[in-house]
Structures are given as structure tokens and as C-alpha cells.
**Student:** 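Handing you a structure now.
Here the structure is a predicted model, which is why all the values come from computation and not from measurement.
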Amino acid sequence: HSISDKLAELLREVPEQYLSLSDKIISLAKSMLPNKLDDYLYVALTDHLHFAITRHNQGIQLRNVLLWEIKKFYKQEFFIAQQALKIIENETGIALEEDEAGSIAMHLVNSQMSGKGLESLVVITKLVNHVLNIVKFHFQMDLDETSVNYERFLTHLRFFALRMARNEQKEDEKVDEFLFEQVQRKYHEAYQCSMKIATYMEKSYNWSISKDELIYLTIHIHRVANRHRWQQANSQ
């Protein structure tokens with residue numbers, strides 16, 4: 001299936017209007033992003049917009065669990081996605097929620113990655129698996145791969161690995177020191193695990209994790225490990 005075949009197939013189910021929306025958004029993105037966007041974005045975004053607007057009309061709102069991270073780490077893509085919401089509103093009269101800007105931004109991030117080819121995907125997959133192993137060994141347990149917390153953690157790790165593959169070192173913006181200390185104290189064990197990950201990243205990839213990342217990583221690890229323990233304790 002070539003891209004144009006996929007588009008043709010999609011347009012049998014999706015009104016033409018969505019393709020012209022996608023086209024406007026992608027033109028804007030191309031003019032503002034440094035990396036090439038792959039052609040598949042036309043299919044992915046058209047399909048996504050159709051799905052999002054249909055959902056909106058049915059009164060179904062999906063939270064984007066990664067909104068905070070997307071805003072923080074993909075500022076440019078998120079800015080374009082906010083403009084995309086304005087384009088959608090101008091053309092259709094439908095005002096989508098901010099969560100949707102997060103999803104559109106993710107499509108833009110993913111689209112730029114494909115140009116980097118498979119070698120970065122291999123790095124990302126290897127890194128994610130290794131970090132998951134560190135967590136499993138640290139807490140001496142298997143993780144529940146069907147849980148929402150696990151899904152979130154995995155997505156966070158992919159994001160994190162993606163930034164590393166793109167070599168986007170995050171300078172510590174103004175870190176909330178109070179939050180950092182609280183997280184260290186409150187989630188002591190998860191924080192120890194994060195430090196192990198930080199050491200591994202430093203040694204294997206010469207990549208230093210910012211305090212910001214440590215905060216987020218620790219919270220995710222705490223969630224995924226604690227929920228799992230609680231389930232184990234209650235199922236015995």
C-alpha cells in the first residue's frame with residue numbers, strides 16, 4: 001500500500017473536508033519545524049482529526065495523559081498544534097479542548113522521527129527495555145503490562161528515549177526545588193531506582209538526566225511499582 005492508496009482508502013470513509021484541514025495544518029508545521037515531516041502524516045492526521053471531531057460531537061472527551069510533558073518538552077510542536085485548533089475552529093466552528101492540541105503535537109513529533117530512520121528506533125527500543133529491567137530488578141517484581149500506569153510509564157520512557165535519540169538535552173529550566181525534595185523524600189525507593197537509571201544513562205549514553213526529568217521519572221516509577229504491589233497484596 002502506498003501513501004496515496006492509503007489516503008484514497010481513508011477518503012472513502014472520511015469527508016474531504018478533513019484532508020483540507022490536515023493540509024493546512026501540515027503546511028503550517030512544515031514552515032515552522034526544522035525536521036522533515038513524513039508523507040504518512042497526511043493519513044495519520046486526517047484520520048485523527050476525523051476521529052477527534054466525531055468524538056467531540058458525541059460529547060466524548062479524552063484526557064491526554066501526556067499533556068504536561070508535551071507542553072514542556074515539545075514547545076514548538078505544541079504551539080503549532082494550538083494554531084491547528086484555531087484553524088479547525090475557523091473552518092468548522094468546533095472548538096476542541098487543549099488535550100487535542102497535545103495529540104496533534106504528538107503526531108508532529110512522531111512524523112519528524114521517521115526521517116531519522118530505524119537506527120534511532122532501535123536505540124529507543126533498547127533503552128526502554130533496559131530501563132524497564134532496571135525497575136523490575138530494583139523492586140524485584142514483574143510489571144503488569146496491561147495496566148494504565150504501565151502504559152503511561154512506557155510512553156514516558158519512549159518520549160524520554162526519543163529526546164535522547166534526537167540529542168535534545170534539556171537544560172534545567174527553573175526547577176521547583178521544593179517539589180524535587182518532596183519527591184525524593186516521599187518516593188524514596190522510586191527515587192533510588194531513578195538514580196540507577198540516571199547512572200546507566202550516563203555510563204551507556206553519556207546522557208545526563210535533568211532534575212526535572214528525575215522528578216517525572218520518579219513519580220512514574222512510584223506509580224507503576226506501588227499499584228503493582230497493592231494488587232499483589234490484595235490478590236493473596
**Student:** Among I197, L132, N129, find the residue that satisfies the side chain to side chain contact (heavy atoms under 4.5 Å, CB included) test when tested with L157.
**Tutor:**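 Answer after filtering I197, L132, N129: L132.
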**Student:** For E16, does the CD atom have more than 12 heavy-atom neighbours from other residues, nucleotides or ligands under 6.0 Å away?
**Tutor:**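 At most 12 heavy atoms, drawn from other residues, nucleotides or ligands, come within 6.0 Å of this atom.
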**Student:** Using the test side chain to side chain contact (heavy atoms under 4.5 Å, CB included), find all partners of Q192 that sit at least two apart in sequence or belong to another chain.
**Tutor:**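 Only H138, H188 meet the side chain to side chain contact (heavy atoms under 4.5 Å, CB included) criterion with Q192.
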**Student:** Can you check whether L21's main-chain N or O pairs, donor with acceptor, with E91's side chain at less than 3.5 Å?
**Tutor:**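 Pair absent, no side-chain N/O of E91 close to backbone of L21.
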**Student:** Can you measure from CD1 (I26) to CD1 (I80) and round to the nearest 0.5 angstrom?
**Tutor:**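 Those atoms lie 11.5 Å apart.
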**Student:** Inspect the surroundings of CZ in F79 and state if more than 12 heavy atoms from other residues, nucleotides or ligands are less than 6.0 Å away.
**Tutor:**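 No - once you tally the heavy atoms of other residues, nucleotides and ligands closer than 6.0 Å, there are 12 at most.
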**Student:** Just by distance, do the side chain of S31 and the backbone of L28 share a donor-acceptor pair under 3.5 Å?
**Tutor:**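 Yes: the side chain of S31 pairs with the backbone of L28.
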**Student:** Test H130 against every option in V128, I134, L127 by the side chain to side chain contact (heavy atoms under 4.5 Å, CB included) rule and name the one that passes.
**Tutor:**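 When side chain to side chain contact (heavy atoms under 4.5 Å, CB included) is applied between H130 and each of V128, I134, L127, only I134 qualifies.
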**Student:** To the nearest 0.5 Å, tell me how far F153 CZ sits from H220 NE2.
**Tutor:**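 Output value for this atom pair is 8.0 Å.
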**Student:** For E213 and S210, indicate whether the former's side chain and the latter's backbone hold a donor-acceptor pair under 3.5 Å.
**Tutor:**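 No; judged by distance alone, with no hydrogens or angles, the pair does not exist.
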**Student:** Answer yes when E100 and R55 have at least one side-chain N-carboxylate O distance shorter than 4.0 Å, and no when they do not.
**Tutor:**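 Between R55 and E100 there is a salt bridge, with a charged N closer than 4.0 Å to a carboxylate O.
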**Student:** Kindly say whether Y42 contributes a backbone atom to a donor-acceptor pair with the side chain of T46 at under 3.5 angstrom?
**Tutor:**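 Answer holds: yes.
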**Student:** State the CD-NZ distance between Q82 and K71, to the nearest 0.5 angstrom.
**Tutor:**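 It is 7.5 Å, given to the nearest 0.5 Å.
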**Student:** Looking at CZ of R12 and CG of L10, how far apart are the two atoms once the value is rounded to the nearest 0.5 Å?
**Tutor:**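 Output value for this atom pair is 10.0 Å.
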**Student:** Report the residue from L37, V43, D39 that forms a side chain to side chain contact (heavy atoms under 4.5 Å, CB included) with L41.
**Tutor:**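 Answer to the side chain to side chain contact (heavy atoms under 4.5 Å, CB included) test with L41 among L37, V43, D39: L37.
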